[in-house]
Participant: 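One structure, as structure tokens, below. Some questions next.
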Amino acid sequence: MPETRYIFVTGGVTSSLGKGILAASLAKLLQARGYNVTIQKLDPYINVDPGTLNPYEHGECFVTEDGAETDLDLGHYERFLNETTSQANNVTTGRIYQSVIDKERRGDYLGKTVQIIPHITDEIKRRVKILGGKGKYDIVITEIGGTVGDIESLPYIEAVRQLKWELGNKAMVIHLTLVPYLSATGELKTKPTQHSVKMLLETGVQPDILVLRTEHDIDLSIRKKVALFCNVSLDAVIQSVNVPTIYEVPLKMLEEKLDITVLKKLDLAINEEIDLDAWNNFLNKQKNPTTTVEIGLVGKYVELHDAYKSIAESITHAGAVNRCKVNLHWIHSEEITTDNVEEKLSKLNGIIIAPGFGHRGMKGKILAAKFARENNIAFLGICLGMQVAVIEFARNVLNLEGADSSEMNPKTPHPVIDLMEEQKGITNYGGTMRLGAYECRIIEKESNVCKAYNKLTVHERHRHRYEFNEMYRDQFVENGMVPVGINPDTDLVEIMEIPSNKWFVGVQFHPEYRSTVLNPHPLFVDFIKNSIVEK
Ligand code: GLN
């Protein structure tokens, strides 16, 4: 096993250029050439994790098996690599400072003045190296959040400078920039890239490879110019043109020989054989659908698609398996009313109600669950989505007036969704929910869920404080909404289903965190399959 190599991915010119997708695509290619790769994200904000961040601020919070609340890029890493990540794969400035301050309080620094250099930078380096070392990963790709030049990023870039110095050709930097196209003159402009590299050089870091995001092909003369101005070899100037799906990016990077250039620079063997069969097979199915389906995603953050990233990607995976083009309709829960629910939802073949917190948009979600149930439309309620389905059933089928979740109405006469026992008395918001993977036992063999999973024990990831209230279990069963999955240790209800409907499932967990390109999630696959209407 070779000594671990470290690749740092930085970004310049603007944010949102897709460092996460670039890191994931490169990792995919290196994995396909036989290397054991992981990806880490360093986020320069002060929050200890994104768990307390509003999705409008930072998009979805991705939950790992070990219950870490992490950046949504970790979702891409898992979906591309088909491997799990953990808390170690996402570190924020808040977490770095927290451990340095804890050490200081313990007296570990022996009376020294604690400073950004070396104490903060040492802690950053330790967090990077934790993933490497003997018997671990061959290659660790570390994505540095933010844009070069941000004040917040400085300690990270400094840590990268030091690591490059310490590790020599066992470390390298890939810098992602933008080459804008000026339509007035019909030109691609490299100046922003030159400036961004200059800024990186000012901090003592020479990038080894430049990846240029562009809307048009970058010709040889521009590549030569960038190479010359930025001190990189010509094969290290890589273009990344816009593609219709993120899953094509690895193939584009392969065309550009990004993986080969990386392996050469890191002095690693180049396995000529690259195993991308399963990946290509997926893309083939995605590109050649034989049918179409209309799916509505009802949530309160729909203006920002990043807030539901993993759900959207899971649907993409499931669509490909079913050779089905999924038209995803983002429906704002606050805009659904009794008067327009028919108009908004009747053309849909399947409805998903998204996870969420707080009462905003609850009315619309409950109307959507009712519409799906009464019209026998395929339905998947995720976390809050399941809770909504339960509340709707309690109000309209069990006739429990005012039934609610005690999260939404603490005074409800019928708390069909109630705070979990272990959550009572918790006052801190950060990292205190029921988080991470738990076992779930499927107890109804005839259920759609059992058929979809095709097994009786599954593990799924959670992120919630409230649960189905056991006191109402019999009433629900008698009236046709049945717990089909339970936690074997605590008896918590994890899955509800209405067996008399075609496909109506609510899950207390988040199946979307486990769907990958090579392992699409069975519940999404079956949901899409059952949404498809025979023509
Ligand atoms: N707000 C609900 C709870 O805490 C649902 C959470 C979610 O959808 N992730 O139980």
Participant: Atom CG in D43, atom CD1 in I96: separation rounded to 0.5 Å?
Facilitator: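 With rounding to 0.5 Å, CG (D43) is 11.0 Å from CD1 (I96).
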Participant: Which residue, V241, V13, N242, forms the side-chain contact (heavy atoms from CB on, under 4.5 Å) with R213?
Facilitator: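 The side-chain contact (heavy atoms from CB on, under 4.5 Å) with R213 is passed solely by N242 among V241, V13, N242.
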Participant: Rounded to the nearest 0.5 Å, what separates atom CD1 in I311 from atom CD1 in I353?
Facilitator: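 Separation between the atoms: 11.0 Å.
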Participant: Side chains of E158 and T121: donor-acceptor distance under 3.5 Å anywhere?
Facilitator: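 Short answer, no.
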Participant: Quick check: does any side chain N or O of S183 sit under 3.5 Å from a backbone N or O of G186, one acting as donor and the other as acceptor?
Facilitator: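 Side chain of S183 to backbone of G186, a donor-acceptor pair under 3.5 Å: no, none is there.
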Participant: Judged by atom type as modelled, is there a donor-acceptor pair below 3.5 Å linking the side chain of D66 to the main-chain atoms of Q87?
Facilitator: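 Looks like yes, one N/O pair under 3.5 Å.
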Participant: At what distance, to the nearest 0.5 angstrom, does CG of L435 lie from CD of E69?
Facilitator: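 Taking CG in L435 and CD in E69, the distance rounds to 4.5 Å.
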Participant: Is the F80 ring parallel, tilted or perpendicular to the W279 ring (thresholds 30°, 60°)?
Facilitator: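 F80 and W279: tilted rings.
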Participant: Between Y97 and H119, is any side-chain donor less than 3.5 angstrom from a side-chain acceptor?
Facilitator: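 No, H119 and Y97 have no side-chain donor paired with an acceptor closer than 3.5 Å.
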Participant: Just by modelled atom types, is the E273 backbone N or O under 3.5 Å from a matching donor or acceptor in the N271 side chain?
Facilitator: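 Yes; at least one donor-acceptor contact below 3.5 Å.
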Participant: Within the distance-only criterion (no hydrogens, no angle test), does the side chain of K136 pair as donor or acceptor with the backbone N or O of I130 below 3.5 angstrom?
Facilitator: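 Side chain of K136 to backbone of I130, a donor-acceptor pair under 3.5 Å: yes, one is there.
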Participant: Report the C-alpha separation of E78 and R461 in whole Å, then their side-chain angles, then the decisive distance to 0.1 Å, and conclude whether the salt bridge (charged side-chain N to carboxylate O under 4.0 Å, His left out) test is met.
Facilitator: CA-CA 14 Å; E78 293 202 0; R461 301 183 201 173; 3.0 Å; yes
Participant: To the nearest 0.5 Å, what is the distance between CH2 (W330) and CD1 (I295)?
Facilitator: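 The CH2 atom of W330 sits 12.5 Å away from the CD1 atom of I295.
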Participant: For H195 and F229, run ring-ring contact (aromatic ring centres under 6.0 Å, His included): C-alpha distance rounded to whole Å, both residues' side-chain angles, the deciding distance at 0.1 Å, then the answer.
Facilitator: CA-CA 10 Å; H195 279 295; F229 278 104; over 10 Å; no
Participant: Do the side chains of R223 and L234 get nearer than 4.5 Å, heavy atoms only?
Facilitator: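 Touching, per the 4.5 Å side-chain cut-off.
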Participant: So which pairs with a foot in residues 294-308 pass salt bridge (Lys or Arg N to Asp or Glu O under 4.0 Å), sequence neighbours left out?
Facilitator: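 Those involving residues 294-308 are D306-K309.
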Participant: Any donor-acceptor pair under 3.5 Å linking the side chain of N322 with the backbone of A318?
Facilitator: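 Looks like yes, one N/O pair under 3.5 Å.
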Participant: Between T92 and N47, is any side-chain donor less than 3.5 angstrom from a side-chain acceptor?
Facilitator: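 Absent: no donor and acceptor within the cut-off.
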Participant: Out of curiosity, H329 NE2 to L297 CG, how far, rounded to the nearest 0.5 Å?
Facilitator: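 Answer rounded to 0.5 Å: 11.0 Å.
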Participant: Taking T190 for its side chain and V226 for its backbone only, find out whether a donor-acceptor pair lies under 3.5 Å.
Facilitator: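 Not a single qualifying donor-acceptor pair exists.
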Participant: Looking only at non-hydrogen atoms, find the nearest pair between C383 and P355 and report the distance.
Facilitator: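 What the structure gives for the nearest pair is CB-CB, 4.1 Å.
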Participant: Yes or no on salt bridge (charged side-chain N to carboxylate O under 4.0 Å, His left out) for E166 and K125, after CA distance, side-chain angles and deciding distance?
Facilitator: CA-CA 11 Å; E166 283 168 31; K125 291 195 292 183; 2.6 Å; yes
Participant: Examine distances only and state if a side-chain atom of D150 and a backbone atom of S153 form a donor-acceptor pair shorter than 3.5 Å.
Facilitator: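 No.
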Participant: Taking all heavy atoms of S25 and all of V249, pick out the closest pair and write down the distance.
Facilitator: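 Heavy-atom minimum between the residues: OG-CG1, 3.3 Å.
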Participant: More than 12 non-hydrogen atoms from neighbouring residues, nucleotides or ligands closer than 6.0 Å to CG on L220, yes or no?
Facilitator: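 Yes, because the 6.0 Å sphere around CG of L220 holds more than 12 heavy atoms from other groups.
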Participant: Please tell me whether D217 and Q239 have a donor and an acceptor in their side chains that are separated by less than 3.5 angstrom.
Facilitator: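 Side-chain D/A pair, D217 to Q239: present.
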Participant: Taking it one step at a time, do R126 and S99 satisfy side chain to side chain donor-acceptor pair (under 3.5 Å)?
Facilitator: CA-CA 11 Å; R126 191 181 71 79; S99 39; 5.0 Å; no
Participant: Not counting sequence neighbours, which residues clear side-chain contact (heavy atoms from CB on, under 4.5 Å) with S16? List them please.
Facilitator: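 Partners of S16 under the side-chain contact (heavy atoms from CB on, under 4.5 Å) test: none.
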Participant: Judged by modelled atom types alone, do H317 and S515 share a side-chain donor-acceptor pair under 3.5 Å?
Facilitator: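 On atom types as modelled, these side chains qualify, holding a pair under 3.5 Å.
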Participant: Measure the OG-CD1 distance between S240 and I218 for me, rounded to the nearest 0.5 Å.
Facilitator: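 Here the rounded value is 9.0 Å.
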Participant: Quick one: sort the F8 and Y6 rings into parallel, tilted or perpendicular, breaks at 30° and 60°.
Facilitator: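 If you compare the ring of F8 with that of Y6, the planes turn out parallel.
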Participant: Contact between E460 and E439 at the side-chain level, heavy atoms closer than 4.5 Å - yes or no?
Facilitator: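 No, their side chains stay 4.5 Å or more apart.
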Participant: Could you check whether R360 makes a cation-pi contact with Y301, meaning its NZ or CZ is under 6.0 Å from the centre of the six-membered ring and within 45° of the ring axis?
Facilitator: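 R360 over Y301 ring: yes.
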Participant: Report yes or no: do T84 and E65 form a side-chain donor-acceptor pair below 3.5 Å?
Facilitator: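 Note: T84 and E65 side chains miss the donor-acceptor criterion.
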Participant: Have a look at T38 and tell me which of N89, T142, D138 forms a side-chain hydrogen bond (donor to acceptor under 3.5 Å, both in side chains) with it.
Facilitator: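 One option only clears the test, and that one is N89.
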Participant: In this structure, which one of K164, K264, K265, R5 forms a salt bridge (Lys or Arg N to Asp or Glu O under 4.0 Å) with D208?
Facilitator: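 Of all the options given, the one that passes is K164.
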Participant: With distance as the sole test, does R463 use its side chain to make a donor-acceptor pair with the main-chain N or O of G51 at under 3.5 Å?
Facilitator: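 Checked: pair present.
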Participant: I would like to know whether E202 and K198 meet salt bridge (charged side-chain N to carboxylate O under 4.0 Å, His left out); could you show each step before the answer?
Facilitator: CA-CA 6 Å; E202 276 170 22; K198 209 178 249 173; over 6 Å; no
Participant: What I want to find out is whether E123 reaches R127 closely enough, with some N-O distance under 4.0 Å, to be called a salt bridge.
Facilitator: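 Here E123 pairs with R127 in a salt bridge, since their nearest N and O are under 4.0 Å apart.
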Participant: Answer yes or no: is there a side-chain heavy-atom contact under 4.5 Å between L30 and L268?
Facilitator: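 L30 vs L268: side chains apart.
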Participant: In sequence, state the C-alpha distance, the side-chain angles, and the governing distance for T10 and H175, and then conclude on side chain to side chain donor-acceptor pair (under 3.5 Å).
Facilitator: CA-CA 5 Å; T10 57; H175 189 53; 2.7 Å; yes
Participant: For E313 and Y247, does a side-chain donor sit closer than 3.5 Å to a side-chain acceptor?
Facilitator: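 Yes, a side-chain donor-acceptor pair sits under 3.5 Å.
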Participant: Determine whether a donor-acceptor pair (N or O, by modelled atom type, separation under 3.5 Å) exists between the side chain of T4 and the backbone of G133.
Facilitator: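 Pair found, side chain donor or acceptor close to backbone of G133.
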Participant: Please determine whether the number of non-hydrogen atoms from other residues, nucleotides or ligands lying under 6.0 Å from atom NZ of K285 exceeds 12.
Facilitator: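 Yes.
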Participant: Any side-chain heavy atom of V173 sitting closer than 4.5 Å to one from Q206?
Facilitator: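 Contact flag for V173/Q206 side chains = no.
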Participant: Would you mind telling me which of R95, K19, K41 makes a salt bridge (Lys or Arg N to Asp or Glu O under 4.0 Å) with D71?
Facilitator: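 The salt bridge (Lys or Arg N to Asp or Glu O under 4.0 Å) with D71 is passed solely by K41 among R95, K19, K41.
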Participant: Counting C-beta onward and ignoring hydrogens, is there a side-chain heavy-atom pair between L523 and V507 closer than 4.5 Å?
Facilitator: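 The answer is yes; the side chains approach within 4.5 Å.
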Participant: With side chains defined as the heavy atoms from C-beta onward, is the minimum distance between N284 and N280 less than 4.5 Å?
Facilitator: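 SC-SC contact between N284 and N280 ruled out.
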Participant: Consider only side-chain N and O atoms of N90 and D49, and report whether a donor and an acceptor are under 3.5 Å apart.
Facilitator: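 Per modelled atom types, N90 and D49 side chains form no pair under 3.5 Å.
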Participant: Side chains of E143 and Y77: donor-acceptor distance under 3.5 Å anywhere?
Facilitator: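 Present: a donor and an acceptor within the cut-off.
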Participant: Just checking, is any N or O donor in the side chain of R514 or S310 under 3.5 Å from an acceptor N or O on the other one?
Facilitator: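 There is no such pair between these side chains.
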Participant: Is a side-chain donor or acceptor of S333 paired with a backbone partner of G299 at a separation under 3.5 angstrom?
Facilitator: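 Indeed, once roles are kept as given, a pair shorter than 3.5 Å links the two residues.
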Participant: Counting heavy atoms not belonging to K529, are there more than 12 under 6.0 Å from its NZ?
Facilitator: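 Result for NZ/K529: open.
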Participant: Under 4.0 Å between a side-chain nitrogen and a carboxylate oxygen: does that hold for R33 and D259?
Facilitator: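 Salt bridge flag = yes for D259 with R33.
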Participant: Does NZ or CZ of R434 lie under 6.0 Å from the centre of the six-membered ring of Y438, at an angle within 45° of the ring axis?
Facilitator: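 Here R434 passes the 6.0 Å and 45° test against Y438.
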Participant: Please examine the side chains of L276 and L29, heavy atoms only from C-beta on, and report whether any two atoms are closer than 4.5 Å.
Facilitator: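 They are in contact (side-chain heavy atoms under 4.5 Å apart), so the answer is yes.
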